[in-house]
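First comes the structure, then the notes that go with it.
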2 protein chains.
Amino acid sequence: MKIPLYRQIQASLKEKITSGIYEEGGLLPSENDLCTEFNATRMTVRQALNELVREGYITRQHGKGSTVSASRKSLGLLSLKGWTEVVVASDRHGKTLVLEGPMLKKMQNPIFRPLIDTESDEDFIFFKRLRLVEDLPVMYEHTYIPNDNLPNFIEEPLLEGSLFRTLLIRYQIDVQSMTQEVRAIAADKETANLLKIKTKSPVLHLLRKYKTSVEGFFLYSSIYCNTEKFAISSFN
Amino acid sequence: MKIPLYRQIQASLKEKITSGIYEEGGLLPSENDLCTEFNATRMTVRQALNELVREGYITRQHGKGSTVSASRKSLGLLSLKGWTEVVVASDRHGKTLVLEGPMLKKMQNPIFRPLIDTESDEDFIFFKRLRLVEDLPVMYEHTYIPNDNLPNFIEEPLLEGSLFRTLLIRYQIDVQSMTQEVRAIAADKETANLLKIKTKSPVLHLLRKYKTSVEGFFLYSSIYCNTEKFAISSFN
DNA sequence: TTATACAACTTGTATAGACAACAAAAAACT
DNA sequence: AGTTTTTTGTTGTCTATACAAGTTGTATAA
């Protein structure tokens, strides 16, 4: 067992938050309660809690407790929460259409080059997804996942439609942080059509690399966002 | 009026980093050295160091030490990163032109409304600045600062041209975190002219609220970015 | 010369306890 | 009933210590 205790606590709490056991806006157990539950000291529990603050899952208040983060006005997608959590957590009606995949594909797209260390020829699991909020298309996303130790990933459907949750529950892979590049570009024809905007309209382009609890295992995403109705927000 | 020890350590190190005493890419003193220097325990020093990591000033590596980050513009939460592999983040190649201000002005701009809690009529200190990298205009920024306890701010020039550094050194106000909304919009005439792009070109719009070490004291910025040559990157 | 082993660094993880500061509920006092 | 004070429970800060684990340089052996 080489996973640090505070990471285990962190993952356990995250699981209970995303699964709804700890309700949005509700209080987490106190630090001392968590100490006895996980057989750890306060410093260890606090490390887990601070990580969850950093990831945007909870907020803390002196003298009161840890509150499960409440809904947000705009989509908090610069933080590393998955789409499903963010949209569901913000009381908006979100949908995800899988346009292509999951399927095996080589990552021939050169825009990812600056983010990738290894120049491998291996196959990736590939997704093309369109995400809608209140029936409005807002994000068009290409996702690449290394095809490493993910048995039956392509065959089985995603848990509750969420990629992050599927990785966490079925494969014990916890997505923990992310780096990204952000640009404003003019939408090409395909993207504009899917996002139901005019060609050459300004869209946000996010190039992401997700870091996980598995050493050397990264996820990659290229996302085009229509920000006419919904802004992207970040918290730090 | 009691500032926690780890905050003092954090501010002290930040000062030494931004002033160049600790060089970019160089190593900070080890945790134990800092312990003796500040008369604190490792846990306290580590809390300060972890805050600096969160703010993007340093990175840490197990078994090696703490390295001063190369680019620490804009709090390090969003730093300028070169698209063409050549990263030009050092201030030597960056310039800032003050187009207007500092001057007193009411914040009539309605786009800030969603970020502001209080609906006050007070005057703000106002800036209009244009930022260049390698003589290329990349950011056009409007900044609003509450005119509270900032004597002679308008009269005196900025320390080394840096707003954050002026606030830290002259007024002991440490900018610590930020929230923002990000959009892609078409550049209006004024913005396009300043950024030397065509009108209606896609530009990144950042709406920022900076949190400081002074309770209730926030800074506000509206920034238009030309991302043709330089992307905005973020780390979490 | 080239490995290998070791030692001396570094940061990472974790325990155990103490007191301070803040928030909310309970008790005591008008 | 309404107000003030006290108590209790919470998070924030900090000390002191210990061992694990990664990095680097050096001494040793092949």
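These values consider heavy atoms only, across backbone and side chains, with no hydrogens, waters or symmetry-generated copies. The model shown is predicted, which means the values in this text are computed figures rather than measured ones. Below, chains carry the letters A, B, ... as their sequence lines are ordered, and counting in each starts from 1.
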More than 12 heavy atoms of other residues, nucleotides or ligands under 6.0 Å from NZ of B:Lys105: is that the case?
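Count over threshold, so yes.
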Base, sugar-phosphate or nothing for [X]? Non-hydrogen atoms, less than 4.0 Å.
X       : answer
B:Asn50 : nothing
B:Leu5  : sugar-phosphate
B:Thr41 : base

Phosphate OP1/OP2 of C:dG12 contacted by B:Arg46 side-chain N/O (<4.0 Å):
yes
Could you point out which residue of B:Val214, B:Thr166, B:Asn149 forms a side-chain contact (heavy atoms from CB on, under 4.5 Å) with B:Ile173?
B:Val214
The helix from C:dT1-D:dA30 to C:dT30-D:dA1: angle between its terminal axes, five pairs each, to 10°?
0°
Which value, rounded to the nearest 0.5 Å, describes the distance between B:Asp148 atom CG and B:Phe217 atom CZ?
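Here the rounded value is 6.5 Å.
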With heavy atoms of chain B within less than 4.0 Å as the criterion, where does contact along DNA chain D begin and end?
D:dT13 to D:dT24
Can you find a pair of side-chain heavy atoms, one from A:Lys14 and one from A:Leu52, that are under 4.5 Å apart?
yes
Expected rows: protein N/O vs nucleotides 21-25 of chain C N/O, under 3.5 Å:
unit_1 : atom_1 : unit_2  : atom_2 : d
C:dA21 : N3     : A:His62 : NE2    : 2.9
C:dA23 : O4'    : A:Gly63 : O      : 3.4

Indicate whether the side chain of [X] and that of [Y] have a donor and an acceptor atom separated by less than 3.5 Å.
X        : Y        : value
A:Arg129 : A:Thr96  : no
B:Ser69  : B:Thr59  : no
B:His142 : B:Ser221 : no

Give me the one residue out of A:Phe126, A:Phe218, A:Tyr220 that meets ring-ring contact (aromatic ring centres under 6.0 Å, His included) with A:Tyr144.
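That would be A:Phe126.
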